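Order of the sequence lines sets the chain letters (A, B, ...), proteins ahead of strands, with each chain counted from 1. Note that this is a predicted model, so its numbers are computed, not measured.
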Number of protein chains: 2
Amino acid sequence: MKHIDQKLIPLLKNGYCAPKIASIAQKLKEPSTTIHFNLKKLEKEGKIKAYKAVFDYRKIDEGFCAFVLLKLLPSEYKDPEKISMQLAKYDEVESVDIITGDWELILKVRVKDQDAYYHFIKNVLSREGIGKTTTLTSLKQIKSEFVAY
Amino acid sequence: MKHIDQKLIPLLKNGYCAPKIASIAQKLKEPSTTIHFNLKKLEKEGKIKAYKAVFDYRKIDEGFCAFVLLKLLPSEYKDPEKISMQLAKYDEVESVDIITGDWELILKVRVKDQDAYYHFIKNVLSREGIGKTTTLTSLKQIKSEFVAY
DNA sequence: GTTATTATTTGAATTTTATTCAGTAATATA
DNA sequence: TATATTACTGAATAAAATTCAAATAATAAC
């Protein structure tokens, strides 16, 4: 047993997939070469960023999901993108947005459980110019990444 | 001109893709049949829900993104899943989560522009047992669906 | 409107890839 | 240890993607 599962998941999380040209061609009733041409164009224009898998996160040991609302320290006000890009590097972080309103940033975070989340908060969100954080824990995901559960 | 682009995007948004077994096999230095076997297993177990494309939403006329915090009316308190599943049906809705804290639900919504968002709020979020809504407009997306910009 | 230029579409041939299946190895069970 | 179950893998086959040249359609230039 080689535990290939655990090597596949990180690869499929942000790539190593491709469009099924033949299926699309059949669905749209167009020649597959036409579909191929149009897909390459979309990719070249940068409209398509990646092909990836969507998981049932409960089943792959990433059942804990939370939205984190962040207030930045005044020192970071002038350049919120810098800290955002640092946070974006973490695999646990599904999304980072700079937002309007009472907070400056919202993160979507996925980890194994509450313990792992505490660890993440403690190590990542305590440093780097972050002021107050408000966590909205997801009790149940009804839809994620456009895919319904 | 057949405007195939606009037919491809909705298809690729939640399917019509597949893992690149040969590339994965090369990356992990395993036989492609072994990768094939393990992928089928992950799919059968329901751990993989879909293979899909991730877009640069600014480039495909879906540049407006917002998080919506929802308070439900007391009548919906007993069954927040019902209304969540109704909201999940909309293509504009990337995610729906039932959460802890001062709100009951959080949505991630993608539309063309502020006008389209107003239209969405007006038509979808005014009815169906929803009390107060708070919108957090995304000024800039740094990372989305695990893919960095 | 006509022509030139560019972009898009498409079929046929080729290359690459996924899939099937039978057999082997590894692990778990009795 | 014997037996059953699960996981892995190579060889053959089937299916798909890609390349390329040519045709068509759209757009720009005159």
Side-chain angles (χ1 to χ4, degrees), chain A residues 1-63 91 112 144-148, chain B residues 1-63 91 112 144-148:
Chain A
M1 227 173 25
K2 294 181 175 177
H3 296 292
I4 290 170
D5 296 25
Q6 295 309 314
K7 294 176 186 171
L8 287 175
I9 291 168
L11 290 184
L12 295 173
K13 217 165 183 177
N14 31 40
Y16 285 94
C17 294
K20 293 203 286 183
I21 293 175
S23 303
I24 295 167
Q26 190 176 14
K27 175 79 175 179
L28 298 184
K29 288 167 187 162
E30 299 285 350
S32 70
T33 45
T34 301
I35 301 301
H36 182 268
F37 175 85
N38 280 275
L39 280 170
K40 290 305 157 198
K41 192 158 71 75
L42 285 171
E43 291 169 14
K44 213 167 289 169
E45 292 167 345
K47 291 182 178 174
I48 294 174
K49 293 184 60 64
Y51 301 99
K52 53 159 276 186
V54 179
F55 297 91
D56 188 330
Y57 296 98
R58 290 164 302 185
K59 293 183 180 171
I60 61 163
D61 252 7
E62 298 186 27
D91 288 339
K112 185 179 179 181
S144 176
E145 299 172 79
F146 292 111
V147 179
Chain B
M1 225 171 30
K2 295 181 175 179
H3 297 292
I4 291 170
D5 296 24
Q6 295 309 313
K7 296 177 185 170
L8 287 175
I9 291 169
L11 288 185
L12 295 174
K13 218 165 183 178
N14 31 39
Y16 285 94
C17 294
K20 294 202 286 184
I21 294 176
S23 302
I24 295 167
Q26 191 177 13
K27 175 79 172 178
L28 298 184
K29 288 169 188 162
E30 298 284 350
S32 69
T33 46
T34 301
I35 301 302
H36 182 268
F37 175 84
N38 279 275
L39 281 170
K40 291 303 158 199
K41 192 158 69 78
L42 285 171
E43 291 169 15
K44 212 166 291 169
E45 292 168 344
K47 291 183 179 175
I48 293 175
K49 292 185 61 64
Y51 301 98
K52 53 161 273 185
V54 179
F55 298 92
D56 188 330
Y57 296 97
R58 290 166 302 185
K59 293 183 179 172
I60 61 163
D61 253 5
E62 299 186 27
D91 288 339
K112 184 180 180 180
S144 175
E145 298 171 81
F146 292 112
V147 178

Taking all heavy atoms of [X] and all of [Y], pick out the closest pair and write down the distance.
| X | Y | answer |
| --- | --- | --- |
| A:C17 | A:A53 | SG-N, 4.0 Å |
| A:P10 | A:Q6 | CD-O, 3.1 Å |
| A:A50 | B:V147 | CB-CG2, 4.3 Å |
| B:P19 | B:I24 | CB-CD1, 4.3 Å |
| B:A25 | B:P31 | CB-C, 4.2 Å |
| A:F146 | B:D91 | CE2-O, 3.6 Å |

Expected rows: protein N/O vs nucleotides 11-17 of chain C N/O, under 3.5 Å:
residue: C:dG11; atom: N7; partner: A:T33; partner atom: OG1; Å: 3.3

Distance, rounded to the nearest Å, where [X] contributes [atom1] and [N] contributes [atom2]:
| X | N | atom1 | atom2 | result |
| --- | --- | --- | --- | --- |
| A:K44 | D:dT18 | NZ | P | 12 Å |
| A:L28 | C:dT10 | CG | P | 12 Å |
| B:L39 | C:dT19 | CG | P | 9 Å |
| A:K40 | D:dA17 | NZ | P | 10 Å |
| B:I35 | D:dC8 | CD1 | P | 9 Å |
| A:E30 | D:dT24 | CD | C1' | 14 Å |

TODO: Please name all residues satisfying side chain to side chain donor-acceptor pair (under 3.5 Å) with A:K13, sequence neighbours left out, ordered by chain then number.
DONE: A:E62
TODO: Test side-chain contact (heavy atoms from CB on, under 4.5 Å) on A:L12 and B:L39 and set out the steps.
DONE: CA-CA 10 Å; A:L12 295 173; B:L39 281 170; 3.6 Å; yes
Task: Which residues share a salt bridge (Lys or Arg N to Asp or Glu O under 4.0 Å) with A:E43, sequence neighbours left out - done: A:K40
Task: salt bridge (Lys or Arg N to Asp or Glu O under 4.0 Å) partners of B:K47, counting only residues at least two apart - done: B:E45
- [ ] State the OH-NZ distance between B:Y57 and A:K49, to the nearest 0.5 angstrom.
- [x] 10.5 Å
Open item on the list: Between A:H36 and D:dT18, is there a contact of a side-chain N or O with OP1 or OP2 at under 4.0 Å?
Closed with: yes
Would you tabulate the pairs of protein nitrogen or oxygen atoms and nucleotide nitrogen or oxygen atoms of nucleotides 21-23 of chain D closer than 3.5 angstrom?
none

For nucleotides 4-7 of chain D, which of its nitrogen or oxygen atoms have a protein nitrogen or oxygen under 3.5 Å away, and what is each distance?
none

